[in-house]
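Heavy-atom basis, side chains included; hydrogens, waters and symmetry copies ignored. To find a chain, count down the sequence lines: A is the first, B the second, and so on, and within it residues start at 1. Keep in mind that what you see is a predicted model, and the values were worked out from it rather than measured.
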Number of protein chains: 2
Amino acid sequence: MKYDLTKKSTKGAQRTLRAFSDAMYKLLAEKSYDDISINEICKISNFPRATFYNYFEDKKDLLNYCWLLFKEESNIEQYHDVADENLQEYILGQIFEAMDQHRELLTQLAKHNANNSSIVSSIYEYFKNEAITILKQDLKNQTSKVPLELVAKHYSNTILLVLKWIFIENHPLSKREAMEYVDELLGK
Amino acid sequence: MKYDLTKKSTKGAQRTLRAFSDAMYKLLAEKSYDDISINEICKISNFPRATFYNYFEDKKDLLNYCWLLFKEESNIEQYHDVADENLQEYILGQIFEAMDQHRELLTQLAKHNANNSSIVSSIYEYFKNEAITILKQDLKNQTSKVPLELVAKHYSNTILLVLKWIFIENHPLSKREAMEYVDELLGK
DNA sequence: TTTAAATTTAGACATGTGTAAAAATGCGTT
DNA sequence: AACGCATTTTTACACATGTCTAAATTTAAA
């Protein structure tokens, strides 16, 4: 991302960022990710291409920014208040709700993009990395033969596997059922 | 893949396929996947770009063909002779050996490409799908609350997670240790 | 309000991608 | 050797990507 999100941004910059991400969301609901061109994003958002490249490295960079917005709507970053033994459930719950709120978009996304296209793995990877970061903190005290980082990755993989099953591969399940699936897969 | 691999191919076609995949291997050892252009592949292999497009859809398609060659060197497809209870170990063992034989390439690949770039997930996905296909057959008799397809995916995820840890993230382990990691992660 | 600094914009350029159709080449068969 | 066929190569085209520059515009501070 070329634009520095940490510094406080001007109204103009916020408007621009919003226009680009809105355009991306709009196009994602219409066609496959590969068929979306930067020219098209610029046409819809009414900004010249040079402006796009002032903010983003490339198309993928904008996509990632879209997932960031997506995540910021959830409470996943408030995990510090949660008791350790519930952390996995908390993470699953938060991502579940974020995805549930964008169910429409995800359905379209799955429809237009083959299952393992870069876009599907893009959202999968984005949230998986969020989960790994949080879980790695949590596992610090535990002891096991397998390195903790690997365990954190494994838990996150499993959580995202079930969520992908539900929202991308379209097998509707309740949050409770999702948790039961995860627990069974993790042998708990 | 535009070229039909099932039909018996002419010497010329074999030569061409070989030239393209050799060029890809050569370039993968030198630079990041994103920096490899089809023009470059064609220059090295001494074929015009249109010929490339006679055989492959795009750069990713050639990459996938490279993993196919890679897999065909292993015995993974002889899994029918293996007792069911050993199938997981067998799959892990075969992919372990295939990767071990190409350790050099994988090391370079990890060096030039950021960890979750499309190329790393490309090889990950390729072998994961192989594993899923085999394991889905195997699990047919088992009974569980979680759908079998999901279980097969989970097992494959776990196997590939550990192999990626070893060969891509470069934590040298023996085949035996890899198996112990997988067993522990799967709660066995 | 004025002004200097920072950002945005327009357009050009080099490079890359993918398709289509015509021309050339190789290869087995007669 | 000549024919017919499939494959390979050439050529041309339309469009996308990413970088760069100078001019226009916006912003923040005096």
Side-chain angles (χ1 to χ4, degrees), chain A residues 1-24 26-28 30-66 112-114 117-119 122, chain B residues 1-24 26-28 30-65 113-114 117-119 122:
Chain A
M1 184 113 180
K2 287 195 188 139
Y3 187 80
D4 181 1
L5 286 176
T6 59
K7 75 171 183 189
K8 72 164 193 284
S9 53
T10 63
K11 270 181 201 162
Q14 282 176 34
R15 205 178 330 118
T16 311
L17 282 168
R18 188 51 181 269
F20 281 131
S21 50
D22 279 353
M24 180 58 109
K26 180 172 185 304
L27 287 169
L28 283 176
E30 282 174 15
K31 51 159 76 177
S32 92
Y33 175 72
D34 288 339
D35 289 340
I36 297 172
S37 75
I38 295 175
N39 283 333
E40 210 173 354
I41 292 166
C42 294
K43 200 177 232 173
I44 289 184
S45 53
N46 271 308
F47 281 98
R49 242 149 53 89
T51 305
F52 180 92
Y53 285 107
N54 283 340
Y55 286 86
F56 303 103
E57 304 281 348
D58 50 30
K59 191 171 62 159
K60 188 145 198 174
D61 199 24
L62 166 57
L63 188 66
N64 229 47
Y65 176 70
C66 287
H112 295 306
N113 299 276
S117 72
S118 64
I119 193 183
S122 149
Chain B
M1 187 110 180
K2 289 203 186 127
Y3 187 80
D4 182 2
L5 286 176
T6 58
K7 74 172 182 189
K8 72 165 194 280
S9 52
T10 64
K11 270 179 201 162
Q14 282 178 33
R15 203 178 332 116
T16 311
L17 282 167
R18 191 47 182 269
F20 282 131
S21 51
D22 280 353
M24 180 57 109
K26 182 173 185 301
L27 287 169
L28 284 176
E30 281 174 15
K31 50 158 75 178
S32 91
Y33 175 71
D34 289 339
D35 290 340
I36 297 172
S37 75
I38 295 176
N39 282 332
E40 210 174 354
I41 292 168
C42 293
K43 200 178 232 167
I44 290 183
S45 53
N46 272 307
F47 281 100
R49 257 228 332 261
T51 303
F52 179 92
Y53 286 107
N54 283 338
Y55 287 85
F56 304 103
E57 303 281 346
D58 49 31
K59 190 169 60 159
K60 188 143 199 175
D61 198 26
L62 166 57
L63 188 64
N64 229 45
Y65 176 71
N113 300 276
S117 73
S118 61
I119 193 184
S122 149

Student: Of the nucleotides C/dT17, D/dT8, C/dA10, which one has an atom closest to the side chain of B/Tyr53?
Tutor: C/dT17
Student: Which of parallel (below 30°), tilted (30 to 60°) and perpendicular (above 60°) describes A/Phe20 and A/Phe47?
Tutor: tilted
Student: Name the orientation class of the two ring planes belonging to A/Tyr65 and A/Phe56 (parallel below 30°, tilted from 30 to 60°, perpendicular beyond 60°).
Tutor: tilted
Student: Which of these nucleotides, D/dT19, D/dG18, C/dA10, is closest to any side-chain atom of A/Lys2?
Tutor: D/dT19
Student: Just compare D/dT9, C/dT19, C/dG18 and give me whichever is closest to any side-chain atom of B/Phe47.
Tutor: D/dT9
Student: Give a yes/no answer on whether the side chain of A/Asn39 brings an N or O atom under 4.0 Å of OP1 or OP2 in D/dA16.
Tutor: yes
Student: Are OP1 or OP2 of D/dG18 and a side-chain N or O of A/Lys60 less than 4.0 angstrom apart?
Tutor: no
Student: Is the shortest side-chain N/O distance from A/Tyr55 to OP1 or OP2 of C/dT7 below 4.0 Å?
Tutor: no
Student: Looking at every strand, decide which applies to A/Pro48 at a 4.0 Å heavy-atom threshold: base, sugar-phosphate, or nothing.
Tutor: sugar-phosphate
Student: Between D/dT19, D/dT27, C/dT19, which nucleotide gets closest to the side-chain atoms of A/Arg49?
Tutor: D/dT19
Student: Need one value for A/Thr10: base, sugar-phosphate or nothing, where a base atom within 4.0 Å counts as base even if backbone is also close, heavy atoms only.
Tutor: sugar-phosphate
Student: Within 45 degrees of the axis of the six-membered ring of B/Tyr33 and under 6.0 Å from its centre: does B/Lys59 put its NZ or CZ there?
Tutor: yes
Student: Do A/Ser32 and A/Asp34 get their side chains close enough for a donor-acceptor pair, meaning under 3.5 Å?
Tutor: no
Student: What nucleotide among C/dT8, D/dT9, C/dG18 has an atom nearest to a side-chain atom of B/Thr51?
Tutor: D/dT9
